[in-house]
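Accompanying notes for the structure given below.
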Amino acid sequence: MHQDEKVDLRSIYGELLNYSRDAGWYNFPNLEYIDSDRIIEIFKKAIDEIKKYKKEIEESTLILEQNLEEISNTYDLLSALLEITNILSRDINPFKVALEIVDVIEKNIMAREISLFLFDEGNEFEFSTPNAKNTKEFFKSYILTSKSVIMNDSIPLMVIPIQSGEEFNGAFVCMGKENGTFFSAADRKLVEATSKQLKLALSNYSYFKNEMKRAMIEKELAIARDIQYNLFPHTFPPDYKIWGASLPAREIGGDYYDAFERNDKLFLTVADVSGKGIGAAIMMSMFRSYLKSLSSKSDLHEIATLLNHLMCEELSEDRFVTAVIGIFDPRSKTFEYVNAGHDPVFIFSNGKIKLLESENPPFGVIENDDFYIPKNVKLSENDLLVMYTDGFPEARNDKNEEYGLERLFKKIVELSSKSPAEIVKLLLEDVKIFSQSTVQHDDMTILVVRG
């Protein structure tokens, strides 16, 4: 190295030294303590440091660009999901806004064909972009085989199911990319997140529909309960000491009781249709109509025989009606009755108990004119005649113990001095106390007459 070059090198180093110290950096040694070789070595080292720093900047810039791209993708994903959430929040019925959701998906993943297939109560619904031509045929085979996520880069194809456990509600089918590439991880994230939102929306919609159905059923049951309530007597013939009540185990029941005058006599009945609920209530109404129309006849055997014939025609083989029908004559103080497979009628007279038990099959079981031969019993002035359904003796408490016939008879004897209305009221209260919080097992009906 020539002397002039050394002088230039030292001059350059001096300027660098002054600049570094002006910048507050004192790592370079003073000029008087180093020679030209040392200066060259320092420059080489500085250049290496600059190259290293440049490389680090380039790598950091690349990472920053990647992070910015990921942030941008995340922002786009969140924006799309927010838009979809807003769409779903506008209507409880996701089927009404499904096509809007498909449009948002198309705008964000740039697929050539997109179809959303949804199932509701066994029916299939399709929501597709206008150019979707191949998705439906593919979906037909898809539901017979996979029902799982499909990512195929060669077509390209992306299928995201909408399901929870074993319940399959449909799928997104996306085919082709506008830019000729394959579906990305971001595309899959968006469609999978949308699938989860749709699944929740479908569950909420299903719950909403069930609640609407339940509310409608409850409304219809309330109407039926009012109708059935009006079928029972709310006043009784004033010349008789009589009272009755009926408590269905459900909203409506299959028990029936009535007391009305026919030909200056008191026509009495208590009946129990097999089964519970709406079906039993319909049969009870049918039984009541037939009995009312036949009650104008004076022959109880004829009434019972014709009633059985009608019930045999109307009821299925597993249905029947147990009943006691009777006519109380206030002049002769006689009670003529037919017990068709029903619980015994209870008579309390002069401190003694008499049971009028059944010797006939229930109505609607078998046709035979030899059945239903009426019997007669004489009643005194203060005798009690009690007709009831099996809901009373079969009422249970939390220990699964039954109220029982013996307890029922004992309670009626205990209350025998009271009016029929008081007997009915206090008897119902006693069964309620016995049963405590136990759900009522069966319809309970009672009719009390004082002779």
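Given the structure is predicted, the values throughout are model-derived calculations rather than measurements.
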Over 60° means perpendicular and under 30° means parallel, so tell me whether F168 and F139 are parallel, tilted or perpendicular.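 F168 vs F139 ring planes: parallel.
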Using a 6.0 Å distance limit plus a 45 degree cone around the ring axis, check whether K292 lies over the aromatic ring of F267.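 That pair does not qualify as a cation-pi contact.
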Evaluate whether atom [atom1] of [X] has more than 12 neighbouring non-hydrogen atoms of other residues, nucleotides or ligands under 6.0 angstrom away.
X: M110; atom1: CE; answer: no
X: K297; atom1: NZ; answer: no
X: F95; atom1: CZ; answer: yes
X: K333; atom1: NZ; answer: yes
X: F260; atom1: CZ; answer: yes
X: K209; atom1: NZ; answer: yes

Closer than 3.5 angstrom, by distance alone: can the side chain of [X] be matched with the main-chain N or O of [Y] as a donor-acceptor pair?
X: D120; Y: N123; value: no
X: T181; Y: K177; value: no
X: R450; Y: E381; value: no
X: H301; Y: Y372; value: yes
X: T305; Y: E302; value: no
X: N152; Y: S154; value: yes
X: R112; Y: M175; value: no
X: N308; Y: A304; value: no
X: D383; Y: S380; value: yes

Kindly indicate whether the side chain of [X], heavy atoms from C-beta on, has any atom under 4.5 Å from the side chain of [Y].
X: E137; Y: K140; answer: yes
X: D443; Y: L247; answer: no
X: C174; Y: I109; answer: yes
X: P362; Y: V365; answer: yes
X: E167; Y: K199; answer: yes
X: V321; Y: Y256; answer: no
X: R407; Y: K411; answer: no
X: I327; Y: F335; answer: no

Considering non-hydrogen atoms only, spot the tightest contact between [X] and [Y] and give its length.
X: T389; Y: D272; result: CG2-CB, 4.1 Å
X: S358; Y: N339; result: OG-O, 3.1 Å
X: P233; Y: A259; result: CG-N, 4.3 Å
X: G176; Y: F183; result: O-CZ, 3.3 Å
X: K265; Y: P330; result: CA-CD, 4.3 Å
X: V273; Y: M283; result: CG1-CE, 3.2 Å

What distance separates [X] [atom1] from [Y] [atom2], expressed to the nearest 0.5 Å?
X: I150; Y: I155; atom1: CD1; atom2: CD1; answer: 8.5 Å
X: C312; Y: I366; atom1: SG; atom2: CD1; answer: 8.0 Å
X: L88; Y: K96; atom1: CG; atom2: NZ; answer: 14.0 Å
X: L356; Y: L385; atom1: CG; atom2: CG; answer: 7.0 Å
X: F182; Y: L157; atom1: CZ; atom2: CG; answer: 14.5 Å
X: I162; Y: L118; atom1: CD1; atom2: CG; answer: 5.0 Å

Ion pair R214/E211, N-O distance below 4.0 Å: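 Salt bridge: yes.
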In terms of side-chain geometry, is the basic nitrogen of E406 or K410 positioned less than 4.0 Å from the acidic oxygen of its partner?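 Looking at K410 together with E406, the answer is no, because their closest N to O distance does not fall below 4.0 Å.
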Output, in order, the C-alpha distance, side-chain angles, deciding distance and verdict of salt bridge (charged side-chain N to carboxylate O under 4.0 Å, His left out) for K107 and E100. CA-CA 11 Å; K107 180 177 66 177; E100 291 183 59; over 6 Å; no
Indicate whether any N or O donor in one side chain lies under 3.5 Å from an N or O acceptor in the other, for [X] and [Y].
X: E113; Y: T129; answer: no
X: S184; Y: D187; answer: yes
X: T438; Y: Q436; answer: no

Centroid separation F346 to Y388 less than 6.0 Å: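 Here the rings of Y388 and F346 have centres that are no less than 6.0 Å from each other.
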May I ask you to check whether F320 and F363 place their ring centers less than 6.0 Å from one another?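 Ring centres of F363 and F320 not closer than 6.0 Å.
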Test side-chain contact (heavy atoms from CB on, under 4.5 Å) on E313 and H309; report intermediate values, then the result. CA-CA 6 Å; E313 283 189 339; H309 171 72; 3.3 Å; yes
Run the salt bridge (charged side-chain N to carboxylate O under 4.0 Å, His left out) check on E124 and K136 step by step: do they pass? CA-CA 11 Å; E124 180 185 320; K136 187 171 183 64; 3.5 Å; yes
Apply the test salt bridge (charged side-chain N to carboxylate O under 4.0 Å, His left out) to residues E359 and K375: give CA-CA distance (whole Å), side-chain angles for both, the deciding distance (0.1 Å), then the verdict. CA-CA 10 Å; E359 296 179 0; K375 291 191 174 183; 2.6 Å; yes
Where do E192 and K189 land on the salt bridge (charged side-chain N to carboxylate O under 4.0 Å, His left out) test, with the steps shown first? CA-CA 5 Å; E192 284 185 334; K189 280 183 181 179; over 6 Å; no
Got a list of side-chain donor-acceptor pairs under 3.5 Å for residues 422-434, not counting sequence neighbours?
unit_1	atom_1	unit_2	atom_2	d
E422	OE1	S419	N	3.2
E422	OE1	S419	OG	3.2
D430	OD2	Y403	OH	2.4

Hey, mind stepping through L355 and F409 against side-chain contact (heavy atoms from CB on, under 4.5 Å) and telling me if it holds? CA-CA 10 Å; L355 301 181; F409 295 157; 3.6 Å; yes
